[in-house]
Participant: 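If you scroll down you'll find the structure; I have some questions about it.
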Amino acid sequence: MNAQIIDGKKIAAEIRSEAKLEATELIADGVQPCLVVVLVGEDPASKAYVGSKVKACEETGIKSIKITHPSDVSEEALMADIERLNADVSVHGILVQLPLPSHIDEDVVTEHIHPNKDVDGFHPVNVGKLSIGIDCLTPCTPTGIPEMIVRSGIDMSGKHAVVIGRSNIVGKPMMSLLVQKGEKANCTVTCCHSGTRDLTYHTKQADILIAAIGVPEFVKADMVKEGATVIDVGINRVEDPSTAKGYRLVGDVDFDEVKGVAGAITPVPGGVGPMTVAMLMKNTNKAARLLTR
Ligand code: GUN
């Protein structure tokens, strides 16, 4: 059996056109949604992500402002930016691209952003609200995953979802989302991580397997149940001298192997990646509504 390929690009385009409509409605109500993206340093992947976020804003009718700092910027200077942006009523979303240089405490930065402008959904107030099922801004990458699954015609309710990875950006919020009541959740949830014994025993139970580990092609065919839905959150650069750039992108799942076992699978690139940016557009509009209603 060959798996259904979940087309993240197509679904993201659908969501972005919904976000464009929302932005048009906000503008008609006198609110120009506005996202500020803060980039520190020269990391090529971070620069590329920020570039794609700014471009998506342009295409969606959301105003975007990019603030860049050198990698030796002080924590105080970054805080001063955030305080100014928190107080600016024309700014609805604030996103500080991670990772930050090691002399800056990411938790301190995250907690400084006003929870209603926290379009990443990383602030402890939003983490807490998500955990107890109160509507709030939720992290873009995990929020996009149920959208992809349900919009591909796959039912989630009552399924066993196994998440590999316990990061604050993906793994933990993914668990919180999946366990809630509702059509795009209502799963039985298991979280596996580096401390898990007999990982394959757990991954083989999954009706929905979500890999967010950061290890290239980690998930092999013998770790996956026949017919499972496999969502690959990984974006890893692996050396490939045969390409012009000298590298290629692969996920955390060995796509060529696993597509022979899975019922549905997301590719890398063109799977989860484009969804993250689409959900950021939705979150920015949601923040604009929250702040101006
Ligand atoms: N770095 C990797 N993923 C993310 C994300 O979703 N938000 C931010 N701010 N930084 C990231």
Side-chain angles (χ1 to χ4, degrees), residues 8 12 15 19 35-57 62 64-69 71 73 75 78-79 81-82 85-86 91-102 104-115 117-124 126-127 130 136-148 163 165-177 210-215 231-237 249 251-252 266 268-269 271-284 286-287:
I15 291 174
L35 172 68
V36 178
V37 184
V38 181
L39 174 66
V40 178
E42 299 290 329
D43 176 62
S46 288
K47 277 172 127 174
Y49 292 140
V50 164
S52 65
K53 288 168 185 177
V54 168
K55 183 161 169 269
C57 282
I62 293 173
S64 71
I65 299 168
K66 182 170 131 186
I67 298 177
T68 56
H69 286 293
S71 58
V73 68
E75 197 170 285
L78 212 49
M79 294 303 173
D81 267 355
I82 293 171
L85 297 166
N86 280 342
V91 171
H92 308 111
I94 305 169
L95 182 150
V96 179
Q97 187 66 29
L98 304 178
L100 291 170
S102 57
I104 298 175
D105 186 333
E106 288 182 356
D107 292 341
V108 170
V109 172
T110 299
E111 288 178 34
H112 226 69
I113 296 171
H114 191 286
K117 297 193 178 191
D118 169 37
V119 286
D120 266 325
F122 294 163
H123 192 287
N126 287 321
V127 175
L130 168 60
C136 63
L137 293 165
T138 58
C140 299
T141 301
T143 303
I145 288 171
E147 291 291 336
M148 295 179 92
V163 181
R166 56 177 156 185
S167 73
N168 293 336
I169 294 182
V170 182
K172 286 188 199 131
M174 190 74 258
M175 290 193 298
S176 292
L177 286 160
I210 300 170
I213 323 145
V215 179
I231 307 294
D232 191 349
V233 183
I235 305 178
N236 308 290
R237 283 186 183 197
L249 295 178
D252 291 350
T266 62
V268 177
V272 171
M275 292 295 294
T276 298
V277 180
M279 298 317 291
L280 176 64
M281 300 301 104
K282 284 254 179 183
N283 270 359
T284 304
K286 189 172 181 177

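Being a predicted model, the structure only gives us computed values, none of them experimental. Residue numbers count from 1 along this sequence. Atoms within a ligand are numbered from 1 in the order they appear, just like the ligands themselves. Atom set for the values below is all heavy atoms of this structure, side chains included, hydrogens, waters and symmetry mates excluded.
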Participant: With a 4.5 Å cut-off on side-chain heavy atoms, are I235 and Y49 touching?
Facilitator: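 Yes - at least one pair of side-chain heavy atoms lies under 4.5 Å apart.
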Participant: Determine yes or no for a side-chain-to-main-chain donor-acceptor pair under 3.5 angstrom, with D120 supplying the side chain and P139 the backbone.
Facilitator: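 No, the answer is negative, given that no donor and acceptor are paired below the 3.5 Å cut-off.
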Participant: Is F122 near ligand 1, meaning one of its heavy atoms is under 4.0 Å from it?
Facilitator: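 F122 counts as a contact of ligand 1 under the 4.0 Å cut-off.
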Participant: What do you reckon, does I169 have a nitrogen or oxygen under 3.5 Å from a nitrogen or oxygen of ligand 1?
Facilitator: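 No; the residue has no nitrogen or oxygen that sits under 3.5 Å from a nitrogen or oxygen of the ligand.
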Participant: Taking the side chain as everything from C-beta on, heavy atoms only, tell me whether V40 gets closer than 4.5 Å to P101.
Facilitator: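 The answer is yes, as the side chains (C-beta and beyond) meet within the 4.5 Å cut-off.
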Participant: What is the nearest protein non-hydrogen atom to atom 8 (C) of ligand 1, stated with its residue, atom name and distance?
Facilitator: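 Going atom by atom, the protein heavy atom closest to atom 8 (C) of ligand 1 ends up being D120 OD2, 3.5 Å.
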Participant: For atom 11 (C) of ligand 1, what's the nearest protein heavy-atom neighbour? Residue, atom name and distance, please.
Facilitator: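 I find the closest protein heavy atom is Q97 NE2, 3.4 Å.
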Participant: Please answer whether the main-chain N or O of D232 pairs with a side-chain N or O of D252 as donor and acceptor at a distance below 3.5 Å.
Facilitator: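 Side chain of D252 to backbone of D232, a donor-acceptor pair under 3.5 Å: no, none is there.
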Participant: With the side chain counted from C-beta on, respond yes when S46 and L39 share a heavy-atom pair under 4.5 Å apart, and no when they do not.
Facilitator: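 Heavy-atom side-chain distance check passes, below 4.5 Å.
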Participant: Which residue supplies the protein heavy atom nearest to atom 10 (N) of ligand 1, what is that atom called, and how far is it?
Facilitator: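 Answer for atom 10 (N) of ligand 1: L98 N, 3.0 Å.
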Participant: Heavy-atom distances under 4.0 Å decide this one: backbone, side chain, both or neither, for L95 against ligand 1?
Facilitator: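 Side chain only.
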Participant: For ligand 1, is any non-hydrogen atom under 4.0 Å from V96's backbone (N, CA, C, O), its side chain (CB onward), both, or neither?
Facilitator: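 The part of V96 near ligand 1 is the backbone, not the side chain.
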Participant: Less than 4.5 Å apart, side chain to side chain, heavy atoms only: is that true for M174 and V233?
Facilitator: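 Not in contact.
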